[in-house]
Amino acid sequence: MEVLGIAVDDGSLGAMSRELHLRIQALEAEMYELSGHTFNVGSPQQLQRLLYDDLGLAAGRRIKTGRSTDADTLEALREEHPIVDLILEWRQLTKLKGTYVDALPLLRERDGRVHTTFNQTVATTGRLSSADPNLQNVPLRSEWGQRVRSAFVPDRGQVLVSADYSQIELRVVAHVSGEPELIDAFRSGQDIHRRTAAAVGGVAPEEVTAEMRRSAKVVNFGVMYGLSDFGLARDTGMSREEAGAFIAAYFQSFGAIAAYLEGIRNFAREWGYVETVFGRRRYIPDIRAANRQLRQAAERMAVNMPMQGTAADIMKLGMIRTDQALRESGMAARLLLQVHDELVLEAPREEVEPLAALLREAMGGAAELVVPLDVDVKVGDNWRDMTPLSPSAG
DNA sequence: TCTGTCACG
DNA sequence: ACGTACGTGACAGAC
């Protein structure tokens, strides 16, 4: 389904392209100086030879074609040689330049907008996907990424409004597992990661340190993917032993979640599929594979699908309700994009307050879980600078 | 066309 | 002993 599209400011992208070009050239010059010869940084093959043969750095993860040079691997080598940081920055900048800064202006149509295509039959979990161009992976996290995002703008006289489901997958976990701690935390509007850290660490919420909260956050998300002690250790800096103990304490505190995950794996083994709260199925053929690696990967898919898929179902219902409510309201606001747990709209400035209320009602009422669905609404003049609208102030 | 890498939720 | 977080799409290099 091709959609209305969103305006992009090709002037600012053009300026960004020239800035990036200069920085990338400077990085290349520095790298050639450090290595003593020219090479193609964009070639994983040449990069492997440079890092692991010429410079003698210790290779990490093995891949089909040799030794990995991905960001995680390079991150671990940063202290070993000054060229590593340059490679990481070069990678980031060329990625942004090639995929967004230079590509988007070419896809801009005569209305000044880029129009993506949403696929409804690609993702096995029930999510939408977005292609040509993919507008569900517009940069956000890095400085340069934020500049790219700021080039997405509303049409003249209007504003962008975004509405996202707060912690929707964790709320789905609370619903399907019936975990009392999690349900209570969402019902009383507490900081969910702090509450988790307090429960796991056996302290009061006020005593939770920033580090404890960070670890709890990683585990809260990781639970939905089948995180291992290895993965937690890598993402938090804990030792593998500490990570294992942390995960054990987590499942001790949230026994209903542990039981739910076990139940899903058993269901998948027995029936060969799993399903969302609304009955969307995903078949998991490898769930009984003899090969352990295949089987464990299948188990992670089985555990993840009901959570990711139920959230996707709720969003689809929320989109239908939003569309209906917009028609009935007679507002000029238009839906532009869906980014998994977020809707982006364009609206005349004077519609912002009533639109926010409409979105909270339409999206928030899309499903009745055992915990409330909270919707955060923001407004702005570009997709980076978005200001929260408080529910009561509306 | 496949592989590695990396942008997002 | 082994691998190690789910779901996507785009780009550049290698073949």
Side-chain angles (χ1 to χ4, degrees), chain A residues 39-48 60-75 87-88 90-104 106-107 116-142 144-146 148-149 164-170 218-235 240 243-244 247 261 274 282 284 291-309 311-312 315 337-343 383:
Chain A
F39 65 100
N40 184 350
V41 206
S43 161
Q45 208 176 66
Q46 291 183 40
L47 204 51
Q48 281 175 48
R61 201 165 58 87
R62 292 225 40 144
I63 53 176
K64 277 184 192 172
T65 57
R67 298 151 290 178
S68 177
T69 67
D70 70 12
D72 270 355
T73 307
L74 294 186
E75 201 64 43
I87 296 166
L88 283 165
W90 184 93
R91 279 255 182 82
Q92 197 207 358
L93 300 191
T94 53
K95 177 69 150 195
L96 292 175
K97 186 169 185 288
T99 306
Y100 308 98
V101 176
D102 291 344
L104 287 169
L106 303 176
L107 296 164
T116 186
T117 299
F118 285 109
N119 292 304
Q120 304 205 65
T121 53
V122 171
T124 53
T125 55
R127 277 187 172 187
L128 302 186
S129 76
S130 161
D132 303 312
N134 182 356
L135 294 184
Q136 289 181 324
N137 72 345
V138 174
L140 174 72
R141 293 164 191 170
S142 68
W144 278 101
Q146 295 213 351
V148 172
R149 184 163 280 232
D164 69 275
Y165 282 114
S166 164
Q167 312 268 28
I168 188 166
E169 289 191 12
L170 266 182
V218 173
V219 176
N220 271 334
F221 287 117
V223 156
M224 299 182 283
Y225 306 124
L227 184 73
S228 66
D229 56 357
F230 179 91
L232 179 61
R234 184 194 53 206
D235 289 357
R240 197 167 160 171
I247 292 172
L261 297 177
V274 291
R282 176 180 181 178
I284 313 281
N291 178 312
R292 202 177 82 150
Q293 204 178 326
L294 269 183
R295 191 174 64 249
Q296 289 185 335
E299 287 177 357
R300 291 193 297 270
M301 294 175 206
V303 158
N304 177 256
M305 188 273 176
M307 312 181 211
Q308 188 180 119
M315 174 52 103
L337 299 174
Q338 187 252 48
V339 192
H340 308 305
D341 64 358
E342 171 188 19
L343 293 181
W383 201 8

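These figures come from a predicted structure and were not determined experimentally.
A stacking contact between A:Tyr225 and C:dC6 is absent: the pair does not combine a ring-centre distance of less than 5.5 Å to the base's six-membered ring with planes differing by less than 30°.
Nucleotides B:dG4 and C:dG3 are separated by 15 Å at their P atoms, to the nearest Å. Spacing of P atoms, B:dA7 relative to C:dC2, comes out at 31 Å, to the nearest Å. When the C1' atom is used for both B:dC6 and C:dA1, the distance is 31 Å, rounded to whole Å.
Here B:dC2 presents its P atom at 17 Å from CD1 of A:Ile63, a figure rounded to the nearest Å. Going from atom CG of A:Asp70 over to atom P of B:dG4 covers 11 Å, rounded to whole Å. Counting to the nearest Å, the C1' atom of C:dG13 and the NZ atom of A:Lys95 are 13 Å from each other. Distance, A:Gln167 CD to B:dG9 P: 13 Å, rounded to whole Å. Counting to the nearest Å, the P atom of C:dC11 and the CG atom of A:Leu106 are 10 Å from each other. As rounded to whole Å, 9 Å separates atom C1' of C:dT4 from atom CD of A:Gln293. We find that CG of A:Leu96 is positioned 9 Å from C1' of B:dC6, with the value rounded to whole Å. When rounded to the nearest whole Å, the span between CD of A:Glu75 and C1' of B:dT5 equals 15 Å.
As judged by a 4.0 angstrom heavy-atom cut-off over every strand, A:Val122 is placed among residues touching the sugar-phosphate backbone only. Using a 4.0 Å heavy-atom cutoff across all strands shown, A:Glu169 reaches no nucleic acid atom at all. Residue A:Thr124 is in sugar-phosphate contact alone, with no base atom involved, counting any heavy-atom pair closer than 4.0 Å across all strands shown. Heavy atoms of A:Ala311 sit nowhere under 4.0 angstrom from any nucleic acid atom. Residue-level contact check: A:Leu128 touches neither bases nor backbone, having no heavy atom under 4.0 Å from any strand. When heavy atoms are screened at a 4.0 angstrom cut-off, A:Met224 is found touching no nucleic acid atom at all.
Regarding contacts with the backbone of C:dA14, a side-chain N or O of A:Ser43 is found under 4.0 angstrom from either OP1 or OP2. At the phosphate of C:dT4, neither OP1 nor OP2 sits under 4.0 Å from any side-chain N or O atom of A:Arg300. Here A:Arg292 does not reach the OP1 or OP2 of C:dC2: none of its side-chain N or O atoms lies under 4.0 Å away. Within the structure, every side-chain polar atom (N or O) of A:Thr65 is placed at least 4.0 Å from both OP1 and OP2 of B:dT3. Side-chain N/O atoms of A:Gln45 include one lying less than 4.0 angstrom from OP1 or OP2 on C:dC15. Remark: A:Arg149 is not in phosphate contact with B:dA7, judged by side-chain N or O atoms under 4.0 Å from OP1 or OP2.
Near-neighbour residues of DNA chain B inside residues 132-140 of chain A, defined by a heavy atom below 4.0 Å, number-ordered: A:Gln136, A:Asn137, A:Val138, A:Pro139, A:Leu140.
Donor-acceptor pairing under 3.5 Å is recorded for the side chains of A:Thr124 and A:Arg282.
Residue pairs meeting the salt bridge (Lys or Arg N to Asp or Glu O under 4.0 Å) criterion with at least one member in residues 221-234 of chain A, sequence neighbours excluded: A:Asp229-A:Arg240.
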Stepwise salt bridge (charged side-chain N to carboxylate O under 4.0 Å, His left out) check, A:Asp72 with A:Arg61:
CA-CA 10 Å; A:Asp72 270 355; A:Arg61 201 165 58 87; over 6 Å; no
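Checking side-chain atoms of A:Gln136 against main-chain N and O of A:Gln338 turns up a donor-acceptor pair under 3.5 Å.
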Which string of ( ) [ ] | and . matches DNA chain C, if you list each base 5' to 3' and count Watson-Crick or G-U pairs only when both distances are under 3.5 Å?
.....|||||||||.
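A:Thr125 has its side chain out of reach of A:Met307: every pair of non-hydrogen atoms, C-beta onward, lies at least 4.5 Å apart. When side chains are defined from C-beta on, A:Val41 counts as touching A:Leu47, because their heavy atoms get closer than 4.5 Å. In this structure, the side chains of A:Leu337 and A:Phe118 come closer than 4.5 Å at one or more pairs of heavy atoms.
Counting atom types as modelled, A:Arg91 pairs no side-chain N or O with a base atom of B:dC6 as donor and acceptor under 3.5 Å. With hydrogens and angles left out, the side chain of A:Ser228 and the base of C:dT4 share a donor-acceptor pair within 3.5 Å. Between the side chain of A:Gln308 and the base of C:dC6 there is at least one donor-acceptor pair of N/O atoms closer than 3.5 Å. The base of C:dT4 sits with one of its N or O atoms less than 3.5 Å from a complementary donor or acceptor on the side chain of A:Arg240.
Ion pairing between A:Glu75 and A:Arg91 fails under the 4.0 Å rule for side-chain N and carboxylate O.
Considering only the side chain of A:Ala103, C:dC11 comes nearest among C:dC11, B:dA7, C:dA10.
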